There are 2 protein chains.
Amino acid sequence: MARPRSFDPDDVLEIARQVFWQKGFQATSLDEITAASGVAKPSLYAAFGDKNALFLKVLDRYHDGILGWAERTLAQPVPAREAIRQWLTGFIPYCSGEKGQRGCLSINSATDGSLDQAELRRSIERYNRRLEELLRTRLRADRAEFRKGFDPDVTAHTIMVVHAGLLALAHQRPDSKRVKAVIDQVMSLLA
Amino acid sequence: MARPRSFDPDDVLEIARQVFWQKGFQATSLDEITAASGVAKPSLYAAFGDKNALFLKVLDRYHDGILGWAERTLAQPVPAREAIRQWLTGFIPYCSGEKGQRGCLSINSATDGSLDQAELRRSIERYNRRLEELLRTRLRADRAEFRKGFDPDVTAHTIMVVHAGLLALAHQRPDSKRVKAVIDQVMSLLA
DNA sequence: TTCGTTGTGTACTAGTAAGTACAGAATAAG
DNA sequence: CTTATTCTGTACTTACTAGTACACAACGAA
């Protein structure tokens, strides 16, 4: 009973994600989210809590989306090299800005000194840990593809570093050819 | 003639750098810089202009400092491999947080969506271009050290990406052993 | 000492943004 | 239809912050 909600919370999180991604947490006002989503502030507060809680939900949802895609990409029945190359290549649109958004919401948030809330840091840390674990697991499983002495753990971390670097530098609007060249060169570590 | 300034502008820029670095541009209020430096707002405005102009001066000064250090490090009369390893290794304290500050002010600023001012982006872009140019020049000069087919231009860019990735992930408080391991692995591209 | 000039500190203005009170609308149950 | 309940929209409060007006202090010059 009682009056039903007039909006889909997931739609609002999607819109909020776009706004937060583009402008950053601090610079985004709830009035802007209200304007973009058509949902008034009291409804936002009732549905998601305060601005921090809303952002945390947005970020968790973002993380889940990328992790799901990473799982699918890295589970493909192709050589680990190829799966990982596809995973890295999948970020190119976010480096060159084809998808409208640039860089990575998670990395943008991690480098934002104002977001030093414990919960946010934990969410980002968990995300990074899981992503690296997917890479590590795949590299260990297909160890046979690689040379003697290949270290899947260090390599997984190196790939995470390259991935973070590409998305951090995405804000410079790099040419996608250069991004591809870097990926190619880094793939030579998987041998 | 007239009353002399009661503070050294460079000291204030140094203090402002620390505050901006720690909290980010948006989250830092001029009142905080006043509190940290002991210089009142009207004096800050008279000396540096508004908040944006102050931040731009802080950022330029930061860039100059790192570029100077990079020039010195990369000009050393050692093999290019060794010079570049030392350059990368020099960032480890900013990855593990030994110096109090984490990550890189420039990268933090680049990933901050609220800083979409043309001048700031230009400053960051110029910085990245010069840094990469230092690497590229050194790699080209010592090309003889490396294998046939070695590409100094792509490699310089890859090193920039790794550098950015390490400093972006610095906010996760990584173990410095893992940072070293990544640097070691990436150095294997210089062969 | 006196004056012109420039820096300093206090106290203010104006604008913005987070969060909320409250009146009214929309629903299901009885 | 009536009522209890939950959501919605307007309008408000509160707090903070960028930027400034103004009176005063500190100096060099004459």
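Note that the structure is predicted; figures quoted are calculated from it, not measured. The sequence lines fix the lettering, A, B, ..., with proteins before strands; numbering per chain opens at 1.
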**OP:** Using a cut-off of strictly less than 4.0 Å between a heavy atom of the residue and any atom of DNA chain C, enumerate the qualifying residues of residues 33-49 of chain A by number.
**Re:** A/K41, A/P42, A/Y45

**OP:** Whole angstrom is fine here: how far is it from CG in B/D31 over to C1' in C/dA11?
**Re:** 13 Å

Subject >> Polar side-chain atom of B/Q76 near backbone of B/T73 as donor-acceptor pair, under 3.5 Å >> reply: yes

Subject >> Within-4.5 Å side-chain heavy-atom neighbours: B/S109 and B/L59 >> reply: yes

**OP:** Measure from CZ on B/R5 to P on C/dT6 and round the result to the nearest Å.
**Re:** 12 Å

Original post:
Going by distance alone, is a donor N or O of one side chain under 3.5 Å from an acceptor N or O of the other, for A/N108 and A/H171?
Top reply: yes

**OP:** Nearest whole angstrom, please: distance from the P of C/dA18 to the NZ of A/K51.
**Re:** 4 Å

For nucleotides 3-5 of chain C, list the nitrogen or oxygen atoms of the protein found under 3.5 Å from its nitrogen or oxygen atoms, one pair per line.
none

Original post:
Is it the case that more than 12 heavy atoms not belonging to A/E32 sit under 6.0 Å from its CD atom?
Top reply: yes

Subject >> Residues, nucleotides or ligands: over 12 heavy atoms within 6.0 Å of A/R130 CZ >> reply: no

**OP:** Would you mind reporting whether A/Q101 and A/R17 have side-chain heavy atoms less than 4.5 Å apart?
**Re:** no

Subject >> Sorted by number, the residues of residues 20-30 of chain B with heavy-atom contact under 4.0 Å to DNA chain C >> reply: none

Original post:
Do A/L167 and A/W69 sit in the same hydrophobic cluster, where Ile, Leu, Val, Met, Phe, Trp and Tyr count as joined when their side-chain heavy atoms come under 4.5 Å apart?
Top reply: yes

Subject >> Heavy atoms from other residues, nucleotides or ligands near CD of A/E119 exceed 12 (cutoff 6.0 Å) >> reply: no

Subject >> Flag if over 12 foreign heavy atoms under 6.0 Å of CZ, B/F48 >> reply: yes

Subject >> Parallel, tilted or perpendicular: rings of B/F91 and B/W87 (30°, 60°) >> reply: perpendicular

